[in-house]
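A short write-up of the structure that comes next.
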Amino acid sequence: MRFGDQIVPDAGIYVQLGITALAVGLLFFLPANGRIMALETSHRRFHMNMKDVARAYAASHRADREGVFKLPSEFDSVRERIAFLRDHPDLADLEPSVLEVAAQMSHISRELAQTYSDGNVQRARDFLTARQQEIEDFNIRIEEAKAVVNDMRTWHTRVELEESVAEAQLARLLEELDEILPEILSEAPAQEDETADAPVAEPLPEHDAPAERPAAPAIAAARQAPDPRVVTLTAAQRAAE
């Protein structure tokens, strides 16, 4: 065998020995690699089985929340769940061991399913909906009350303003009266003094009371009428002639 410009004697034997050593080494590594591949395959199958168990458990738990299972004892409850899972159309391809594990898990969580059953959840939702409606109605009433309070506050402010204006007008009138009353009060005593100084006529007795004076027209007519004695004397003088 030639390597460059040099000739290596017995090179074929060395190459064969190297290939043989490599093959022997591979024989030692292949079984370990096979065991590793088997473990990975079993692990992958285990994950697939857990997914199937989870799928079966979800179906059983959903039915338990709907109130499908009624038997109280553990044995009967597990059998009832297994029978339900076997008849389920989506779980027909699963193994019985998977269904059994899912049924046992569903029986263990039956209290959780009863607590959070569809009926309880629906009642809770209805209660929350009613509370929400009450809160909305309460907020509406609060808004109406706020509007009433604002109206009353505006009304109260307007009334106070009108009262202040009326009080100001009243104060102005009182000031004007204070200016006018001293003049009126100073004139009133003078008139009272004049009235007090005037003579007061005393009333006459009833038998000495003068006769009622005739009215002014009657007095004038009496003055214009001729004296009867003068009329008689004139008539006598005309008869003597």
Is it the case that the side chains of [Y] and [X] hold a donor-acceptor pair, with the cut-off being a distance below 3.5 Å and no angle test?
{"X": "Ser117", "Y": "Asn120", "result": "yes"}
{"X": "His107", "Y": "Ser77", "result": "yes"}
{"X": "Asp126", "Y": "Thr129", "result": "no"}
{"X": "Asp137", "Y": "Gln133", "result": "yes"}
{"X": "Gln122", "Y": "Asp118", "result": "no"}

Gap between atom [atom2] of [Y] and atom [atom1] of [X] - 0.5 Å precision:
{"X": "Ile180", "Y": "Leu173", "atom1": "CD1", "atom2": "CG", "result": "9.5 Å"}
{"X": "Arg141", "Y": "Lys146", "atom1": "CZ", "atom2": "NZ", "result": "14.0 Å"}
{"X": "Ser109", "Y": "Gln104", "atom1": "OG", "atom2": "CD", "result": "12.0 Å"}

Spell out, yes or no, whether [X] and [Y] are grouped together once hydrophobic residues are joined by side-chain heavy atoms under 4.5 Å, including indirect joins.
{"X": "Ile82", "Y": "Phe69", "value": "no"}
{"X": "Val101", "Y": "Leu91", "value": "yes"}
{"X": "Tyr116", "Y": "Tyr57", "value": "no"}
{"X": "Val53", "Y": "Val78", "value": "no"}
{"X": "Leu85", "Y": "Ile108", "value": "no"}

> Are the side chain of Asp64 and the backbone N or O of Ser60 linked by a donor-acceptor pair below 3.5 Å?
Replying inline: no
> Donor-acceptor pair, Thr20 side chain versus Gln16 backbone, under 3.5 Å?
Replying inline: yes
> Taking all atoms of both residues into account, what is the closest heavy-atom pair of His61 and Ala113, and its distance?
Replying inline: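 Minimum heavy-atom contact is CE1-CB, 3.6 Å.
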> Passes side chain to side chain contact (heavy atoms under 4.5 Å, CB included), Phe138 versus Ile142? Steps please.
Replying inline: CA-CA 6 Å; Phe138 184 71; Ile142 287 177; 3.0 Å; yes
>> Just to verify, which of Arg153, Glu160, Met152 counts as forming a side chain to side chain contact (heavy atoms under 4.5 Å, CB included) with His156?
In response: Glu160
> Under a 4.0 Å N-O cut-off, is there an ion pair linking Glu176 with Arg172?
Replying inline: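 Judged by the 4.0 Å cut-off on N to carboxylate O distance, Glu176 and Arg172 do form a salt bridge.
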> Salt-bridged, Arg55 to Asp90, with N to O below 4.0 Å?
Replying inline: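 Not counted as a salt bridge, because no side-chain N and carboxylate O are separated by less than 4.0 Å.
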> Is there a side chain to side chain contact (heavy atoms under 4.5 Å, CB included) between Arg81 and Arg110 once you walk through the steps?
Replying inline: CA-CA 11 Å; Arg81 283 169 169 78; Arg110 66 185 184 280; 3.7 Å; yes
>> Determine whether Leu99 and His88 satisfy the following criterion, side chain to side chain contact (heavy atoms under 4.5 Å, CB included), listing intermediate values before the conclusion.
In response: CA-CA 11 Å; Leu99 300 180; His88 199 282; over 6 Å; no
> Where do Arg79 and Phe75 land on the side chain to side chain contact (heavy atoms under 4.5 Å, CB included) test, with the steps shown first?
Replying inline: CA-CA 6 Å; Arg79 286 185 58 188; Phe75 180 75; 3.2 Å; yes
